Amino acid sequence: MTTQPEVTFIGTATTVLRIGGFTLLTDPNFLHRGQRAYLGKGLWSRRRTDPALRIAQLPSLDAVVLSHLHGDHFDRVARRHLDRELPIVTTPEAERKLRRWGFRAAEGMPTWRSWELRRGGETLRLTSMPGQHGPGALDLLLPDVMGTLIDLERDGNREFRLYVTGDTLNRPMLAEIPERYPDIDAMLIHLGGTRIAGVLLTMDARQGADLVELVRPKLTVPIHYDDYRVFRSPLGHFVAEARRRGLAGCVRTIARGETVPLTPPT
């Protein structure tokens with residue numbers, strides 16, 4: 001059993017999370033540099049980087065956490081090679097399509113709904129958090145998106161709480177998250193400042209820093225920031241903005257292929 005929660009960064013929003021005795025995969029994107037991801041509505045984006053691992057190199061998984069069904073979060077490689085019996089915790093909209101593709105254990109969760117894994121005296125609870133991928137009415141043209149709150153409990157006592165933002169903009173609806181779920185230990189934040197036709201679709205440096213100030217996690221680990229050409233807000237901009245606001249002490253950057261603990265730096 002892993003004694004402390006940790007994350008391995010594979011690329012884009014793809015990570016391996018080891019929390020207690022459980023192992024999760026997030027937003028599986030295993031396309032390689034130069035290959036194109038389909039973003040819907042006839043839009044494609046070419047990948048700039050290679051993933052740190054192939055699907056065959058992944059550890060044994062308990063579940064997949066999928067924020068939404070875009071080609072840079074669940075690609076054709078994942079569709080072809082992931083175990084179709086593996087639980088995929090996602091939005092109701094994504095569940096319907098995944099089940100049509102043969103992923104029979106896909107679990108669609110409306111906002112605030114929870115799903116649990118249990119083993120021995122441990123419970124890993126995944127709760128769907130609100131999210132909004134696009135501004136205003138444009139959001140209706142994009143896939144539904146969710147964040148995920150991951151709680152580890154041992155013998156009924158909460159040991160660790162992680163918030164994975166998903167591809168959301170920072171919108172007023174997110175203020176309910178720290179109200180309902182205070183004491184967030186760590187946050188995996190999807191950044192990149194994705195812009196298509198000039199429209200912002202994921203958090204840039206300013207919005208990301210605003211969310212850190214809102215949620216106040218003990219640790220923030222930025223992901224989803226440089227893998228595709230539509231990402232326009234570099235990681236360095238977020239790090240500089242966090243430093244300017246006095247937040248640098250709770251931000252830990254991670255390189256592709258690196259594994260870091262999800263506990264604050266000492």
Side-chain angles (χ1 to χ4, degrees), residues 1-10 13-30 53 55 57-69 73-74 78-79 81-99 101-131 144-166 177 180-188 190 217 219 221 223 259-263:
M1 178 187 299
T2 302
T3 57
Q4 64 178 347
E6 63 182 26
V7 57
T8 300
F9 184 36
I10 297 175
T14 311
T15 70
V16 173
L17 299 172
R18 297 175 182 87
I19 302 174
F22 304 96
T23 303
L24 305 176
L25 177 70
T26 67
D27 293 291
N29 178 209
F30 291 94
L53 295 174
I55 288 179
Q57 296 173 299
L58 293 173
S60 178
L61 300 170
D62 293 294
V64 174
V65 177
L66 176 61
S67 65
H68 66 304
L69 206 53
H73 290 257
F74 194 95
R79 180 177 175 180
H81 294 295
L82 278 181
D83 180 359
R84 278 175 160 68
E85 301 303 319
L86 193 63
I88 302 177
V89 179
T90 188
T91 65
E93 177 187 61
E95 177 203 1
R96 291 189 289 272
K97 182 168 286 189
L98 288 165
R99 285 183 175 269
W101 291 347
F103 291 92
R104 293 178 290 274
E107 185 74 27
M109 299 202 306
T111 303
W112 311 122
R113 180 77 57 83
S114 294
W115 180 87
E116 294 181 351
L117 289 164
R118 292 191 177 95
R119 184 175 297 132
E122 292 188 327
T123 299
L124 196 70
R125 182 176 300 108
L126 283 63
T127 305
S128 174
M129 298 288 103
D144 290 345
V145 64
M146 73 176 198
T148 307
L149 196 80
I150 303 173
D151 282 319
L152 175 67
E153 294 181 356
R154 290 193 179 102
D155 300 320
N157 298 311
R158 183 167 59 82
E159 299 284 336
F160 177 73
R161 173 169 282 168
L162 171 68
Y163 170 39
V164 184
T165 67
I177 295 173
R180 286 176 177 247
Y181 298 97
D183 303 322
I184 292 175
D185 295 294
M187 177 167 69
L188 288 183
H190 291 204
L219 174 72
V221 179
I223 57 175
T259 298
V260 301
L262 287 168
T263 50

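Just so we're clear, the structure is a prediction, and the values are computed from it rather than from any experiment.
At a threshold of 4.5 Å between non-hydrogen side-chain atoms, the residues M146 and S128 count as touching. Counting heavy atoms from C-beta on, the side chains of L17 and L188 come closer than 4.5 Å. Within the 4.5 Å cutoff, the side chain of T23 has no heavy atoms near those of the L58 side chain. The shortest distance between side-chain heavy atoms of P5 and L152 does not fall below 4.5 Å. Taking the side chain as every heavy atom from C-beta outward, R180 and W112 approach each other to under 4.5 Å. Here the side chains of I177 and I184 are in contact, with some heavy-atom distance below 4.5 Å. The shortest distance between side-chain heavy atoms of L69 and E93 does not fall below 4.5 Å. Side-chain atoms of V89 and T148, non-hydrogen and from C-beta on, never get closer than 4.5 Å to each other.
Atom CZ of F74 and atom CZ of F103 lie 4.0 Å apart (nearest 0.5 Å). One finds the CG atom of D183 at 10.5 Å from the CG atom of D151 (value rounded to the nearest 0.5 Å). Taken to the nearest 0.5 Å, the OG1 atom of T15 stands 11.0 Å off from the CD atom of E6. Taken from CG in L262 to CG in L219, the straight-line distance is 6.5 Å, to the nearest 0.5 Å. Taken to the nearest 0.5 Å, the CZ atom of R125 stands 12.5 Å off from the CH2 atom of W115. In this structure, OG1 in T91 is found 7.5 Å from CZ in R96, a value given to the nearest 0.5 Å.
Few gaps surround CZ on R158; more than 12 heavy atoms of other groups in view lie less than 6.0 Å from it. No more than 12 heavy atoms of other residues, nucleotides or ligands shown are found within 6.0 angstrom of CZ on R118.
Below 30°, between 30° and 60°, or above 60°: for H73 and H68 the angle between ring planes is between 30° and 60°, a tilted geometry.
Nearest heavy atom pair, residue P87 against residue D62, reads CD-O, 3.6 Å. For P110 against P92, the heavy-atom pair with the smallest separation is N-CG, 3.9 Å. The two residues H190 and A13 have their closest heavy-atom pair at CE1-CB, 3.4 Å. Pairing each heavy atom of S114 with each of T127, the nearest pair is OG-OG1, 2.6 Å. Here the shortest heavy-atom pairing between V145 and G166 reads CG2-C, 4.5 Å.
Using a distance-only test at 3.5 Å, with no hydrogens or angles considered, a donor-acceptor pair links the side chain of R84 to the main chain of W101.
Under the 4.0 Å criterion applied to side-chain N and carboxylate O atoms, E95 and R99 are assigned as salt-bridge partners. Salt bridge D185/R161: absent, no basic N to carboxylate O contact under 4.0 Å.
The side chain to side chain contact (heavy atoms under 4.5 Å, CB included) with I10 is formed by just one residue from the set L25, D27, N29, T26; it is L25. Under the side chain to side chain contact (heavy atoms under 4.5 Å, CB included) test applied with L24, the options L162, V64, V164, L117 reduce to a single match, L117.
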Would M129 and Y181 count as a side chain to side chain contact (heavy atoms under 4.5 Å, CB included) if you check the C-alpha gap in whole Å, the side-chain angles of each, and the deciding distance to 0.1 Å? CA-CA 10 Å; M129 298 288 103; Y181 298 97; 3.6 Å; yes
Under the criterion salt bridge (charged side-chain N to carboxylate O under 4.0 Å, His left out), I'd like the reasoning laid out for E122 against R154: C-alpha separation, chi angles, the key distance, then a yes or no. CA-CA 5 Å; E122 292 188 327; R154 290 193 179 102; 2.7 Å; yes
Begin from the C-alpha positions of V7 and I223 and carry the test side chain to side chain contact (heavy atoms under 4.5 Å, CB included) through to its verdict. CA-CA 11 Å; V7 57; I223 57 175; over 6 Å; no
